There are 8 protein chains.
Amino acid sequence: MPASPAPQSPGVADLGFARLDLDRAARTGDPEVVYGAGKTGDQIVTSVLALHQAHPDRAILATRLSENALLSCGARLPGAEIDPVGRLAVLGPAPPLRGLVAVVAAGTSDLPVVHECAATVRVFAAEPDVIVDVGVAGLHRLLGQAGRIAAADAVVAVAGMEAALPSVLGGLVGVPLIAVPTSVGYGWNLDGLSAWLACVNSCAPGVLTVNVDNGFGAGVAAARIARAAAGARPRPAAQANGEAR
Amino acid sequence: MPASPAPQSPGVADLGFARLDLDRAARTGDPEVVYGAGKTGDQIVTSVLALHQAHPDRAILATRLSENALLSCGARLPGAEIDPVGRLAVLGPAPPLRGLVAVVAAGTSDLPVVHECAATVRVFAAEPDVIVDVGVAGLHRLLGQAGRIAAADAVVAVAGMEAALPSVLGGLVGVPLIAVPTSVGYGWNLDGLSAWLACVNSCAPGVLTVNVDNGFGAGVAAARIARAAAGARPRPAAQANGEAR
Amino acid sequence: MPASPAPQSPGVADLGFARLDLDRAARTGDPEVVYGAGKTGDQIVTSVLALHQAHPDRAILATRLSENALLSCGARLPGAEIDPVGRLAVLGPAPPLRGLVAVVAAGTSDLPVVHECAATVRVFAAEPDVIVDVGVAGLHRLLGQAGRIAAADAVVAVAGMEAALPSVLGGLVGVPLIAVPTSVGYGWNLDGLSAWLACVNSCAPGVLTVNVDNGFGAGVAAARIARAAAGARPRPAAQANGEAR
Amino acid sequence: MPASPAPQSPGVADLGFARLDLDRAARTGDPEVVYGAGKTGDQIVTSVLALHQAHPDRAILATRLSENALLSCGARLPGAEIDPVGRLAVLGPAPPLRGLVAVVAAGTSDLPVVHECAATVRVFAAEPDVIVDVGVAGLHRLLGQAGRIAAADAVVAVAGMEAALPSVLGGLVGVPLIAVPTSVGYGWNLDGLSAWLACVNSCAPGVLTVNVDNGFGAGVAAARIARAAAGARPRPAAQANGEAR
Amino acid sequence: MPASPAPQSPGVADLGFARLDLDRAARTGDPEVVYGAGKTGDQIVTSVLALHQAHPDRAILATRLSENALLSCGARLPGAEIDPVGRLAVLGPAPPLRGLVAVVAAGTSDLPVVHECAATVRVFAAEPDVIVDVGVAGLHRLLGQAGRIAAADAVVAVAGMEAALPSVLGGLVGVPLIAVPTSVGYGWNLDGLSAWLACVNSCAPGVLTVNVDNGFGAGVAAARIARAAAGARPRPAAQANGEAR
Amino acid sequence: MPASPAPQSPGVADLGFARLDLDRAARTGDPEVVYGAGKTGDQIVTSVLALHQAHPDRAILATRLSENALLSCGARLPGAEIDPVGRLAVLGPAPPLRGLVAVVAAGTSDLPVVHECAATVRVFAAEPDVIVDVGVAGLHRLLGQAGRIAAADAVVAVAGMEAALPSVLGGLVGVPLIAVPTSVGYGWNLDGLSAWLACVNSCAPGVLTVNVDNGFGAGVAAARIARAAAGARPRPAAQANGEAR
Amino acid sequence: MPASPAPQSPGVADLGFARLDLDRAARTGDPEVVYGAGKTGDQIVTSVLALHQAHPDRAILATRLSENALLSCGARLPGAEIDPVGRLAVLGPAPPLRGLVAVVAAGTSDLPVVHECAATVRVFAAEPDVIVDVGVAGLHRLLGQAGRIAAADAVVAVAGMEAALPSVLGGLVGVPLIAVPTSVGYGWNLDGLSAWLACVNSCAPGVLTVNVDNGFGAGVAAARIARAAAGARPRPAAQANGEAR
Amino acid sequence: MPASPAPQSPGVADLGFARLDLDRAARTGDPEVVYGAGKTGDQIVTSVLALHQAHPDRAILATRLSENALLSCGARLPGAEIDPVGRLAVLGPAPPLRGLVAVVAAGTSDLPVVHECAATVRVFAAEPDVIVDVGVAGLHRLLGQAGRIAAADAVVAVAGMEAALPSVLGGLVGVPLIAVPTSVGYGWNLDGLSAWLACVNSCAPGVLTVNVDNGFGAGVAAARIARAAAGARPRPAAQANGEAR
């Protein structure tokens, strides 16, 4: 290749196929994440190990893993948590969790986004509370969970198709609410445009959104919101150790 | 103009600016309607009078009237019902009503479409039942009207912005359900595309749609469905004379 | 996965990869359906059997099956009707049929949607009458079937490319009419947008639509309309037992 | 303005606001046309007079005139034909007409495009035969005119909304067929995209299209096709003097 | 109009043209807001007065006011704050402010959205800190304000055209960050689509968005986030009384 | 499948997977064509043979063949012309050719569309003259062929990317001109939308278009135009037997 | 307004409605420009005067002026050049010009963009050479100017509708070439999308583009390119004093 | 195939599947390039060898090579430079380089476009300086390279997702700047539309763009700009032999 070589950068691990930012946590308080789309299993394993070596005390997250990459991680990252539904892997101890994020979805089709969001919340040091059986076509179940949702410091509403869930939730609770439109649909939905437009046009004031299927982005933001709010309120014992969920 | 003259057509009233189909009711059972968009008040008044003269025994509907056209109709069509909210006029006696159509909307912004739909239902010989205070952001009111809605032979759900109402209604009742997406919105909604996509991607099975803001089309279809269904069921006295609503 | 377990829900069969609503028929009168897109043959067979066990007296429908899923259903669901054209399977006895739905299409390319619609109509307890040789490019055949179509309680017009069929039909009959735009085309048709726009812009008043290729949604709605209308009219003997078709 | 002056071009009338090509007819056989959109009445009158002075023996066409421009042309171009429906003006004697172009449309809403097309056909030296009462929602009238349409050398089908007319015509006649999609619609039609997509996705083979509302372009092409074909066939006397139409 | 009258709803002030929810603050803790788009000055003044009468102790906000409506509010709402740049009016005492929201924009074109957002933040009980001279084309000014922005509990980045500001900010601070794309542009920007796509595709993790130009929605969400976070941290005296800004 | 059987149609060969219209040539003068997209080699061979048996005296065209279908046709249709570039097959003797169609393209990328168009022209009984080395980036070659192109009765300009060729040709010749936009491109061209928009926005008056890549549709129309024009003009001997090209 | 006051910035003239960057020329070598869209005549005059006072020795450019703003500038900026076609004003002496920019367009419709570009080139210190009678529909004129265009240091090709001009020019000259797509069109061109897509899909390698109608942006870039190139080549005397153009 | 044979063209190598322009370098000064998309390895090798034989003294570039084509080139083009990241091959000696082009990108995802651009710059006779560790989310690194970037004769900014890099660069340097939007994204980015819109809506004046992922087009234009500028300035020795980079 004709490119000129870049000078060595301190705090960067140059793996050839990627340059990892080892000082990010020190600068921003949030860890570096391995985005796995389009990467081989070998590249992902190498990246995760390099970050783990630099920060053995905190969890390293790898997202959007292919089936092959999931197998590689399972085989070569002993001790890592492998989540084939969320297509992700986590290596290293979870940080202490502060603040509660309700991750809400209607059903099983949105589970990959739900898992990605919940794992991100945890790696970014807040506690996820996942509630997935509450679609608007069966309102009684959603209403039955309203109190549990209202108790969170932030709510992530994952919704595909016509994405009515964020609007209904926005009428039920006053907690900061992030809608994740998904590309799930049973027909012509323009790869999630229908859900996306619904989220930004919600009749409930104050609904925030991220990109289609971006459970990671929603998780990062929700964890930040929840962590900041958590210092303001005494947490019940059950939530602290996670037993009640 | 260089065009050659068309031969005289029987059953057609040629007004120069429009050709009215006088035999339509005989052929299809449904009356001719004056679509007023882009027409002057004078043209609309002339059209309504020509149809009224041919069919003095049934209501003539004119839709999508400009403010000037509404004033012209008010001044020159004595006895006509003028509805400035629905931007429409009706001249002549309503037909006998058979079957009940619930026309449901969240609030006041969608009222023009609601009025157009309800007036169409009536002119096409079914009885409208308008319910407008039931947005998804205040679920308790919508749930309080579920029984009333379920009693109809057809439901028209008028909804703008993210259009969550048809999905929520579709989970509550099993009646044939027509969604009318509207161009109402508080921001970037692509002139109703957001509502339209939401309607055709509803998670509730069997939701039908029409074009954006097309209260007329929904009214025609709903009246046909309700009229056909009405013969199958004894109607309570109150509905027959409309007192209860 | 870091998600907290959801509490047991009564009336729900939790299969791990899906949660089946066993009480839906009791609540809404309509059966639960297995949507097969993106599911393995094993998952579909397990879902159909679970629903069949809960409701041995009524037909269970599985739609959008892959070739592998069709083979699995054929091998492991003895007695099931397997339709490779409609990409669907039905297990269990058909319900008593009330009301007639004409399912109309121009030719062979739209057959998958036609089959999905007709099977749905039957499982949702109305009788389908399929007419597929009637494109607008050969008007004499369509005109020859006008009487048969007008005799139905609801009409479903399946149409791809420029989707002229619903408009022509809407000028011929006054029956409630549902247009299903399809993604069939011989060139640049934006995955069915051309047909979709044609359906919602039909010059015939009262045409209703569903999503592109959504034969299932049209079938659900048409069956509801036809069943309600059927009680109002004496049915000829031939139609009652289905012999004539 | 900082621009450098262009050298004088022979055969060009430089009016300051426009440069007219006086030699076009000699080069291509077709006359120069004044496109009036965005031009003042004064500019249009000046342009037409300049062309008329250069070519007193042939008709000069000005299209897309505003109301003010139409008034200016009426007042200052004595002898000109002014067509407010087609928003055009023609000054000078029509050329001898060869070949017949059927210009077909459903109703009155498309008349501006029909007039523009018919006047263009005539100025480009073919004979238009305008037929405007033949929408697909009333098939009997269209079928009644099939023979008249088939007798033309070229057919222009002007159609808005779902634009089903070209497809139906394409199944009835084998004459070269040009579809003009129009922006006419009763709702959300994307300024004619619905009609445009319908035209290029027609199920009838060989349908040609132009831009939305482009009656002028269709007229130019149709006249060329008809003129070329006309030499091959003896024309009946009635067509030669236009009496029969 | 043929609609049936709705029954009286407690806690609702029915003004004919609108139904005001008087109990909203009690239910959700947030006040009712008058959305002024498409409403007359008279309607807006009446709505604000009705809400003010019900809640004399808290500020009532009216947004998206036309020039006429601004004049009406100025003349008939003595004591109200009228903001012609933000096209809004506020009547009644501001609530006690908790938490700090940085509202950041590049320049003067985005000021209407900035004002709407800042006023909303205040009415929803948080303190806005507006910083508007920090576009990415002049990085030194933005970098000079990084410390001030990082001190907020939430950041709203208002950005039109290519909307690079949220990404640059997201790399500088770890505070929850809401991007408001605006329709401001110097050419073909699809009414804000360019800015919108930029916001949801930001390379900075955790950027949240609202609809184009929706300063109100961003303000509601930011105030909720800031209020919740404020309890967790001792506020300096200067911020409490607003002197330092 | 639950569909009812259609009655036998005379003049139709029902092959199960397709219904062939055997009388089309008698009705319209143009032959039936086998559109091969999505069909197996076996289906295509069977269709071509059935049409060939009904019409042994005229050429049968099959288009859009997959590689497998091309192999099947080569093996099982002895005597057929197989064109792998145009992805088509022709069986049976060509009809007598009347009229000349210039099929013009810039280079090799558009050859599949050029071949499809030229073969269609021939089967529809006109003579194609293919000219493919004339892109606008090398004007001298295009100008060198202007006389040859102007001698045709119709011109088909096949053009991808920015599709400048039809506009340049439209300034050079006055012959009826059909532009075929192609999906050929070196980057983001929206599957041919760039070429399509260029064709319908051509600055040359009278340019006609078909769908993207639709060489077949252009060929049908061009052959009709050329055949009609051919009777009007004595053809030179060389063109009649094709020697000169 | 609730916003906090920003601290005084040195080198900035705060006019209340705008903040002018007085040091820009010192930092980047290019002058500050007043973008007039959406500004009143008073605001524009005030801005131009403030910049002129700070930099009396160099030209100040104001673009996108409304008719009222043009009148204000004419009345209150004595000595300014007012260009109503280009909708711009220039106050102060032009800088010394280095390098030559050919600004090329087909005709009169694109003149506003041509003027804006040429004035920008001059204010940014290069010499424009405007050539506007060279559309692709009349190739001989364009070819006649090829030598003149090739002599420039940069070429700006302004083109609407199908925008074929940049591709044809790209085949004629090897000079850096910037295409400005314009929103000029005679029909459905999506506000310039057709021209824009044509420019970025040009078959000529190395064509650069800016936003639709952005003559200013093209002028800035072309002037930079031409100024840099000008030092490398001896300029003929005629060009130095501008006499030849 | 029915096409008529084209006459032999001098200066063209007709390979059957492609026609190579052997005289291009003589005419325009720039070499012919083999665009490899959709071509087999065999076709590409044959094309490169034919061009190399005609021009043994200058580098031949082949772009957009598939994996198979890369292998073929590696095996059958001894001495060629094979770049699997840039998916390209170069055969023959590089021309003397004049002028410096900075090719700037944020990270590793955009490397294929960066390599394609840098190789093109070199083959088109300018010197590339590649800088890839400078995303806007880590401003300090970008600021640290500002001097190096400002020293170039032209800058190419390669940017995906929200493409903020060109705007930030445009505020830092006054060098001609070409933005290449890329299709790189972590979610719904419409295949690069988000980056494309950002580039043409940049708030920095004078940013030029090419098509999405079109590193080749940007390289051609940048090399032309840099070569022209290079003559005007004495080059430091280090740059002449490339040692410093």
Side-chain angles (χ1 to χ4, degrees), chain F residues 105-110 134-146 149 157-174 177 179 181-209 212, chain G residues 105-110 134-146 149 157-174 177 179 181-209 212:
Chain F
T108 55
S109 307
D110 296 317
V134 290
V136 298
L139 275 182
H140 54 292
R141 291 195 190 149
L142 178 57
L143 295 174
Q145 303 286 348
I149 296 169
V158 179
M161 295 190 284
E162 86 284 46
L165 183 60
S167 295
V168 173
L169 274 179
L172 292 176
V173 301
L177 173 58
T182 72
S183 55
V184 168
Y186 292 172
W188 207 81
N189 73 340
L190 291 170
D191 296 327
L193 179 62
S194 61
W196 195 19
L197 284 170
C199 290
V200 294
N201 283 288
S202 175
C203 62
V207 173
L208 301 167
T209 63
V212 173
Chain G
T108 55
S109 308
D110 296 319
V134 290
V136 298
L139 275 180
H140 54 292
R141 292 198 189 145
L142 179 56
L143 296 175
Q145 302 287 346
I149 296 169
V158 180
M161 296 192 283
E162 87 282 45
L165 183 60
S167 294
V168 172
L169 274 177
L172 292 177
V173 302
L177 172 59
T182 73
S183 56
V184 168
Y186 292 173
W188 206 82
N189 73 340
L190 291 172
D191 296 327
L193 179 61
S194 61
W196 195 20
L197 284 169
C199 291
V200 293
N201 282 289
S202 175
C203 62
V207 173
L208 302 167
T209 63
V212 173

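Naming: A, B, ... by sequence-line order, numbering from 1 per chain. Remember, predicted model here, so these are calculated numbers, not experimental data. All heavy atoms count here, side chains included; hydrogens, waters and symmetry mates do not.
Distance check: Leu139(G) CG to Ser167(F) OG gives 10.5 Å after rounding to the nearest 0.5 Å. Annotation: the span from Ser194(F) atom OG to Asn201(G) atom CG amounts to 4.0 Å, rounded to 0.5 Å.
Of the atoms belonging to Leu143(F), it is side-chain heavy atoms, and not backbone ones, that fall under 4.5 Å from chain G.
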Would Glu162(G) and Cys203(F) count as a side-chain contact (heavy atoms from CB on, under 4.5 Å) here? Give the steps.
CA-CA 7 Å; Glu162(G) 87 282 45; Cys203(F) 62; 3.2 Å; yes

